[in-house]
Amino acid sequence: MEKVADFRSDTVTKPGPGMLTAMVKAPVGDDVYQDDPTVQKLEKLMADKIGTESALFVSSGTQSNLLALLNHCERGDEYITGDQYHVFKYEGGGSAALGSLFPCPLPVEKDGTLSIDLISKSIKPYDVHFPPSTLLCLENTHNGHVIPLNYLTKIKDLAKSHRLKMHLDGARIFNASIASKVDIQEITQGFDSVSVCLSKGLGAPIGSVLCSNASFIKKARRWRKLLGGGMRQVGIIAAAGIYALENNIDRLAIDHENAAYLAKELAAFSKISIHSAQTNMVFARFDESIDVHQLALQLKLHGILIRPSRVIRFATHLDITKEDIKLLIQLLKSIL
Ligand SMILES: *Cc1c(COP(=O)(O)O)cnc(C)c1O
């Protein structure tokens with residue numbers, strides 16, 4: 001089979017021989033009875049990395065964020081978040097459908113943050129007319145952007161002074177840590193819960209982990225069962241997550257280098273302008289004169305997959321090599 005270079009997302013990676021071997025060899029048990037040693041090992045490993053007391057392996061980042069929202073908020077409570085953040089935009093409105101929660105979405109700034117002033121103004125004082133502002137949800141990285149540490153310090157102070165709980169959608173938190181060379185616990189400290197994806201740049205086929213204190217995780221475990229997310233001999237999948245944590249964190253730096261290289265090469269085209277290029281994501285605007293759907297079809301003939309749009313997101317990951325990028329650039333040169 002001809003090699004396919006899939007730039008559409010970092011979720012498309014397939015487990016390699018090392019990861020598959022780890023999955024085959026994993027000791028398993030019934031995880032609903034908390035009898036699966038591989039799941040427990042993964043949860044402990046992730047909790048230690050993120051710096052929390054406990055952790056819970058879940059099927060997806062969407063489920064992980066939903067569990068956090070259901071845990072932190074009561075029916076009718078409000079959570080403040082970004083209008084472009086995954087938790088608000090791409091999770092099917094789960095918090096409203098299943099938790100009767102009220103989102104307060106704020107515009108996301110260019111750097112991926114939310115205005116501190118706007119957050120401040122959005123926190124409702126106690127008043128019978130208002131939904132109680134209970135939770136602030138941030139995302140790091142957002143569209144590849146690493147949220148600056150000094151911003152996080154300010155936001156944590158603000159949340160504390162208003163007794164607002166804080167959840168971090170850290171789907172790509174390891175990208176943030178590697179790119180900024182900041183210890184991951186410096187980023188996560190002060191958050192009441194953190195969700196991490198194993199199935200993005202870390203390269204596992206399935207799964208996320210929700211991290212928090214033990215009583216929070218106990219409650220989340222019940223919500224997970226209620227949502228149909230109690231899985232049985234799931235150590236087979238957790239083993240891929242352990243393998244990812246043990247082998248694929250430091251190599252994220254390669255994805256970041258590749259993204260920077262791709263951005264530099266794309267910037268040389270007169271009909272392409274770079275919107276942003278951070279960590280493992282490049283957002284490139286293609287001139288109106290280019291039929292992006294046609295372009296995607298042409299690239300596909302050569303084994304390169306992109307998601308056509310006026311602004312195309314290119315994601316680098318462990319199944320994208322520098323040679324793939326060179327091929328993409330060469331094809332763009334001949335097509336454009
Ligand atoms: C992918 C993603 C999620 C959700 O993960 P799924 O496993 O696809 O449900 C949540 N937040 C962010 C920022 C993501 O990129």
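These numbers come from a predicted model, not from an experiment. Atoms within each ligand, like the ligands themselves, are counted from 1 in listed order.
- Here the side chains of S122 and L106 are in contact, with some heavy-atom distance below 4.5 Å.
- Rounding to the nearest 0.5 Å gives a distance of 12.5 Å between CG of L168 and CD of Q189.
- At a 4.0 Å heavy-atom cut-off, the residues surrounding ligand 1 are S60, G61, T62, N65, H86, E91, E139, D169, A171, R172, C197, K200, listed by chain and number.
- Using a cutoff of 4.0 Å between basic side-chain nitrogens and carboxylate oxygens, R310 and E288 are scored as salt-bridged.
- Between the side chains of S215 and N213, at least one donor N or O lies within less than 3.5 Å of an accepting N or O.
- When each of R224, K225, R232 is checked for a salt bridge (charged side-chain N to carboxylate O under 4.0 Å, His left out) with D31, only R224 meets the rule.
- Using modelled atom types, no side-chain atom of D157 and backbone atom of K154 make a donor-acceptor pair closer than 3.5 Å.
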